[in-house]
Amino acid sequence: MIWETVRLALQAILRNALRSFLTVLGVVIGVAAVIAMVTIGQGSSDQVTASVASLGTNVLILRPGRAMMGPGARDDAPEFRLADAEALNALSAVAAAAPVSSSTLTAVYGNANATTLVTGTDTSYLDVLNWSVVRGRGFTDPEERSGAAACLIGETLRQKLFGNTDPTGESIRLRSVSCEVVGLLQVKGASTFGQDQDDTIIVPIRMLQRRVTGTTDVSSIRVALAPGVTTARGIREIEALMRERRRIGIGEDDDFSVTDMAEISSMLTGINNVLTGLLSAVAAVSLLVGGIGIMNIMLVSVTERTREIGIRLAVGAQARQVLMQFLIEAVVLSLIGGLIGILLGLALAYVAAQFMAIPFAPSLSVILLAFVFSAFVGVVFGFFPARSAARLDPIEALRYQ
Amino acid sequence: MASSGAPIIEFRGIRRTYGTGEAEVRALDGVDLTIRRSEFIAIMGPSGSGKSTAMNIIGFLDRPTEGTYLFEGQDVSELNRDQRALIRRHYLGFVFQGFNLLARTSAQENVELPLIYKGMGRAERAARAAEALAKVGLQGREHHDPSELSGGQQQRVAIARALAGDPEVILADEPTGNLDTTRSREIMELLVRLNREDGITIVMVTHEEDMAAHAGRLVTFIDGRVASDRAMPARRAAR
């Protein structure tokens with residue numbers, strides 16, 4: 001009997017295909033919005049997580065100036081020097097401290113040129129960032145100390161300058177410096193903030209300082225803590241050392257900041273989740289509105305089909321059979337809407353993932369939830385019209401014009 | 001089927017009132033009526049005489065306010081909605097003045113409707129519906145929608161629908177009210193044939209003497225009471 005009723009419901013729905021489609025449009029949009037939001041949100045969360053992993057664990061960033069100042073609000077705090085990084089390296093809590101100084105430059109190879117981020121650093125940088133060289137080699141300590149013109153390039157830059165050929169041994173020009181490509185970096189992907197980390201050149205910091213920027217400034221220091229050292233203890237020791245080196249008196253504020261990248265990433269994940277939740281809530285409201293749309297049309301349908309209900313009652317349908325018929329019709333309608341919505345939502349999320357360069361992360365549990373929820377919408381919003389159908393008096397219903 | 005001639009429908013002091021107090025309307029005011037199995041009975045009366053109310057109660061669409069209704073000897077005066085639906089499903093067939101077929105639904109599916117509620121399987125339903133349609137002379141029209149059929153044909157589909165469930169009683173409420181004379185006579189001949197050949201009890205409300213003449217017995221209602229009740233031997237003479 002139940003399958004019979006479902007079949008009859010499908011017949012009734014198909015008999016009015018256009019109206020049925022308009023009826024479920026609300027549910028389609030609601031479900032599609034929820035699915036798209038959650039899938040996109042999940043994708044960008046996954047990406048944040050992946051970029052946290054690409055940072056390496058226990059990585060801290062030291063910058064001159066107070067923390068949490070807006071852009072352009074740098075105070076007159078002195079820059080770091082190479083000696084600061086060496087002093088940090090001597091701490092037992094620190095596994096490696098890599099000085100970083102960077103500059104945006106145009107790299108030229110033959111007829112090709114590309115503007116890219118050139119990072120000057122030392123040999124420990126790749127270890128701190130959990131990064132490696134896939135072809136050729138990293139630069140050596142002697143190269144680093146002497147400021148030799150050796151560089152490592154990322155995959156994106158290689159594509160721009162060399163295409164698919166082997167870049168190692170070739171020379172590229174940075175301003176007036178001719179620099180030998182000694183190694184190709186492993187693909188790292190986009191950073192937490194969305195930059196392409198493979199569009200880059202890494203050179204010995206002394207080479208950048210002496211031959212390109214002409215200063216001895218170190219703009220930041222990346223620190224990897226020794227295994228077993230907690231982030232809190234690491235920050236405490238680093239701050240103590242840096243205050244001493246920068247001669248900051250007791251009671252004075254730090255003129256530098258120590259940032260825990262993992263913390264920033266988890267904060268970003270948190271923001272991401274809140275946004276996803278918010279957008280999903282808005283989408284859920286549209287699902288609710290869709291449900292009310294179904295109720296509305298079902299009520300109209302009950303009025304329109306009063307005579308049909310009268311006929312069914314006359315030939316021996318019981319009230320609950322009429323109730324079931326209309327309820328199942330509403331559920332079948334909203335399930336069809338839910339299915340279309342799921343497909344549409346996934347398609348939207350897929351397209352968005354391509355545009356935003358984030359992973360496409362459909363979640364089976366969310367899809368099942370949307371499906372169950374749309375059935376639920378059908379039951380809840382179909383019940384009232386179905387009940388009013390079932391309560392009709394057969395004599396009145398048969399007389400209805 | 002039980003022996004012909006036994007009472008199938010008995011009204012004992014049936015009253016049906018609407019409203020209360022000053023506004024009370026007595027649609028039926030103490031009706032005694034016995035209908036025997038395989039009778040063909042016509043009910044006549046001016047509008048407001050209570051004939052429709054009587055039909056509704058006979059057809060288990062309504063319930064008497066007072067009095068006793070015996071159906072096949074059982075007191076059914078106090079049955080609730082769902083129990084009355086079951087009686088309609090298993091014992092009764094309805095034919096209405098306005099045909100009351102489902103629109104955009106084939107003749108076949110219309111006839112199958114009561115069989116669905118009887119819980120019959122699809123194959124058996126199709127066979128029974130085809131058989132019923134053949135009996136009313138509509139073979140070959142199974143897949144036509146009501147809109148593609150003439151009024152007379154639509155009423156035949158309605159009769160097939162009433163017939164398909166194998167009813168004891170067919171209740172016909174002005175079955176020829178919307179039809180011209182020729183079609184009306186055809187419908188009446190069909191009802192007479194079902195009554196004679198299959199022994200189905202037929203209760204028909206009409207306001208046309210010509211149609212009532214096909215019945216074996218004529219009951220006239222006036223002011224909620226049976227005003228006259230007589231056999232119509234003329235019917236057989238006329239045939």
Side-chain angles (χ1 to χ4, degrees), chain A residues 1-21 23 297 300-329 332 386-401, chain B residues 16 18 27 52-53 55-57 59-63 79-106 109-122 125 145-146 157-158 160-165 167 170-171 173:
Chain A
M1 192 66 204
I2 187 94
W3 284 115
E4 196 59 48
T5 317
V6 170
R7 207 175 62 83
L8 288 175
L10 277 171
Q11 257 175 24
I13 287 164
L14 290 176
R15 217 172 278 155
N16 254 311
L18 177 66
R19 189 179 69 186
S20 304
F21 175 73
T23 307
I297 301 285
V300 171
S301 173
V302 168
T303 312
E304 262 187 21
R305 290 160 68 188
T306 298
R307 198 183 260 267
E308 173 193 330
I309 295 162
I311 295 167
R312 288 180 185 276
L313 290 169
V315 302
Q318 290 178 324
R320 65 167 175 276
Q321 289 171 317
V322 172
L323 182 99
M324 280 309 281
Q325 184 197 341
F326 277 81
L327 202 54
I328 284 175
E329 237 178 89
V332 169
R387 199 187 53 172
S388 48
R391 282 187 176 175
L392 284 177
D393 173 27
I395 299 168
E396 294 295 322
L398 283 168
R399 209 177 283 155
Y400 187 85
Q401 289 303 318
Chain B
R16 180 68 172 96
Y18 299 100
S52 292
T53 307
M55 267 306 253
N56 288 337
I57 293 174
F60 291 87
L61 293 169
D62 197 2
R63 206 153 65 153
L79 294 187
N80 65 26
R81 253 191 99 159
D82 281 345
Q83 290 167 327
R84 293 202 304 271
L86 289 178
I87 300 250
R88 293 197 296 272
R89 182 186 300 177
H90 292 291
Y91 297 98
L92 306 183
F94 288 88
V95 178
F96 304 95
Q97 177 176 4
F99 318 139
N100 276 336
L101 299 175
L102 296 186
R104 281 164 294 176
T105 305
S106 71
E109 285 173 306
N110 264 295
V111 176
E112 283 185 27
L113 191 65
L115 306 181
I116 291 174
Y117 292 107
K118 280 192 156 188
M120 212 175 268
R122 212 189 294 188
R125 271 192 340 243
D145 276 8
V157 174
R161 178 178 64 194
L163 205 56
I170 286 181
L171 297 159
D173 192 354

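Naming: A, B, ... by sequence-line order, numbering from 1 per chain.
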* For chain A, which of Gln83(B), Arg161(B), Arg81(B), Lys118(B) has the most heavy-atom pairs under 4.5 Å? -> Arg81(B)
* Asked: Given a strict heavy-atom distance threshold of 4.5 Å, which part of Phe60(B) is in contact with chain A: side chain, backbone, both, or neither?
  -> neither
* Could you look at Arg84(B) and say if it's the side chain, the backbone, both or neither that has a heavy atom under 4.5 Å from chain A? => neither
* To do: Please confirm whether the backbone N or O of Ala27(B) pairs with a side-chain atom of Thr53(B), one donor and one acceptor, at under 3.5 Å?
  => no
* To do: For Arg89(B) and Tyr117(B), indicate whether the former's side chain and the latter's backbone hold a donor-acceptor pair under 3.5 Å.
  => yes
* To do: Can you tell which part of Ile395(A) gets under 4.5 Å to a heavy atom of chain B, answering side chain, backbone, both or neither?
  => side chain
* Determine whether Leu171(B) and Val95(B) make a side-chain contact, defined as any pair of heavy atoms from C-beta on separated by less than 4.5 Å. => no
* Does Gln97(B) offer a backbone N or O that forms a donor-acceptor pair with the side chain of Asp173(B) under 3.5 Å? -> no
* Asked: Given that the side chain runs from C-beta out, which part of Ala390(A) has a heavy atom under 4.5 Å from chain B: side chain, backbone, both or neither?
  -> backbone
* To do: Let me know if Asp82(B) has heavy atoms under 4.5 Å from chain A in its side chain, its backbone, both or neither.
  => both
* Structure fact -> Honestly, the part of Glu396(A) sitting under 4.5 Å from a heavy atom of chain B is neither
* Would you say the side chain of Ser106(B) lies within less than 4.5 Å of the side chain of Glu109(B), judging by non-hydrogen atoms? -> yes
* Are there more than 12 heavy atoms of other residues, nucleotides or ligands under 6.0 Å from atom CZ of Arg19(A)? -> yes
